[in-house]
Amino acid sequence: MTQARIRTRFAPSPTGFIHLGNIRSALYPWAFARANGGDFILRIEDTDLERSSQAAVDVILEGMAWLGLDPDEGPFYQMQRMDRYKAVLAELVAAGQVYPCYMGMAELDALRERQMASKEKPRYDGTWRPEPGKVLPPVPEGVKPVLRFRNPQGGVVAWDDKVKGRIEISNDELDDLVIARPDGTPTYNFCVVVDDIDMAITHVIRGDDHVNNTPRQINIFRALGKEPPVYAHLPTVLNEQGEKMSKRNGAKPVTQYRDEGYLPDAMVNYLARLGWSHGDDEIFSRAQFLQWFSLDHLGRSAAQFDEAKLRWVNAQHLKATDDDTLAALVAVQLRGRGIEADERLPRICALFKDRCDTTVVLAHWAAAFYVDVTPHADEMAQHVTDAIKPSLALLAQKLASCAWEKAAISGAIKEVLAAGGLKMPQLAMPVRVLVMGTAQTPSLDAVLELASREKVVACLQKA
Ligand code: GLU
């Protein structure tokens with residue numbers, strides 16, 4: 001038998017801005033589709049009209065585009081598929097798989113209270129479920145019914161979850177789910193199943209907050225004459241405090257990481273490791289990840305977000321990124337600060353990237369080459385002493401006329417050191433403070449070569 005083409009999906013609800021925990025649920029299905037030459041589908045589950053927003057959709061689309069999690073199909077919007085859901089609902093009605101239920105809220109509440117009082121699990125009791133020979137209550141006047149799904153009775157619903165292993169739920173645990181509201185609009189679990197069928201999804205990879213929906217969804221699949229897909233339910237992502245990551249407790253929208261100077265490949269690397277592993281590998285490229293990814297090494301326990309580790313992963317990727325690519329990213333940030341960079345920028349990135357963990361930090365260094373810096377007052381006091389000022393003036397003089405390249409600059413520095421009987425740090429530290437604003441920089445001749453002669457000479461003369 002030939003294996004069906006692999007098709008996965010990411011099905012976010014645009015209620016609140018997606019954070020790293022959510023986007024990980026996009027990364028794995030994307031990677032699984034890519035790793036297997038399949039298709040990745042984006043579906044926006046926007047049926048909660050009150051809580052869904054276009055701004056949240058935008059963050060989803062922007063975040064995915066930034067991370068390179070490109071869908072092959074979609075975005076599909078559930079609100080635009082209502083007619084389709086209603087048509088499938090009509091099929092289920094015709095097949096006798098759903099029935100109208102007229103039990104009102106007050107009655108349902110009373111039922112729940114009775115069940116709780118006698119220590120039973122609250123569930124719909126099947127009052128309106130038609131059975132051969134059963135007499136249903138009289139239909140109340142003026143009440144619009146909900147439609148309930150005839151859940152199978154007896155037996156179990158079972159699946160081999162790719163993360164959690166075999167799960168079996170007794171059908172008697174599941175009551176008859178409402179699948180259409182009194183106004184005829186279909187409910188969540190039903191829409192998901194219709195979509196997963198229509199979109200020919202073979203693998204549902206999603207957060208384990210949906211594991212309770214799965215047996216219900218599987219029963220709806222079967223009622224529609226379809227076999228359910230393979231399921232992989234991912235454990236939660238915890239924030240640094242060990243709570244479930246959520247917008248309410250401070251999780252940032254994914255796009256904020258872009259603005260904070262993280263690289264998409266580093267994010268993919270970090271998120272991949274947040275719930276999946278390949279031996280001891282911590283740093284890997286996107287291509288390696290796709291080569292290695294399978295559903296067999298997904299972690300079973302909750303993963304905890306660790307910003308320090310994310311920064312470290314980003315630093316490793318930053319070091320490995322070529323200078324032109326970095327320069328393009330840094331140029332955008334500089335432009336945001338009103339600075340137009342020039343052809344020096346790739347070399348500036350090359351010189352500083354080893355000491356930066358985000359492109360924001362890198363842009364901060366780069367800016368010092370284009371605008372005047374304000375040296376730290378205590379570093380000024382410590383390094384730019386009266387005793388060194390004559391040497392700084394001499395250096396300014398020599399740098400004003402030497403060739404502007406590293407060897408000549410280095411030669412000028414050495415001449416000044418010799419003339420004053422100085423050691424390198426005695427001169428290099430104050431020059432760094434004056435030109436770059438801080439005493440901690442890469443080697444002085446390399447830094448000066450990238451700064452403009454005018455700027456360097458002016459800074460030294462000011463001292
Ligand atoms: N819309 C659901 C959510 O955002 C996901 C549903 C699914 O993946 O089946 O949690």
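Each ligand, and each atom within it, is numbered from 1 in the order the structure gives.
The contact set between ligand 1 and E45, taken as ligand atoms under 4.0 Å from a residue heavy atom, comprises 1 (N), 2 (C), 5 (C), 6 (C). Ligand-side atoms of ligand 1 in range of H210: 2 (C), 3 (C), 5 (C), 6 (C), 10 (O), range being under 4.0 angstrom from any heavy atom. Residue A11 has at least one heavy-atom neighbour below 4.0 Å for each of these atoms of ligand 1: 1 (N), 2 (C), 3 (C), 4 (O), 5 (C), 6 (C), 8 (O).
Between L318 and T359 the shortest heavy-atom distance is CD1-N, 3.8 Å.
Checking N213 against Q217 by side-chain atom types alone, no donor-acceptor pair falls below 3.5 Å.
In S13, the parts holding a heavy atom less than 4.0 Å from any atom of ligand 1 are both the side chain and the backbone.
Using a non-hydrogen distance threshold of 4.0 Å, P12 registers as a contact of ligand 1. In this structure, Q217 does not count as a contact residue of ligand 1, since none of its heavy atoms falls inside 4.0 Å of the ligand. Under a 4.0 angstrom heavy-atom cut-off, Y188 registers as being in contact with ligand 1.
Y370 carries R344 over the face of its six-membered ring, with the cationic atom under 6.0 Å from the centre and within 45° of the normal.
Protein heavy atom at the shortest distance from atom 8 (O) of ligand 1 is R9 NH1, 2.7 Å.
Aromatic pair F284/W292: centroids less than 6.0 angstrom apart.
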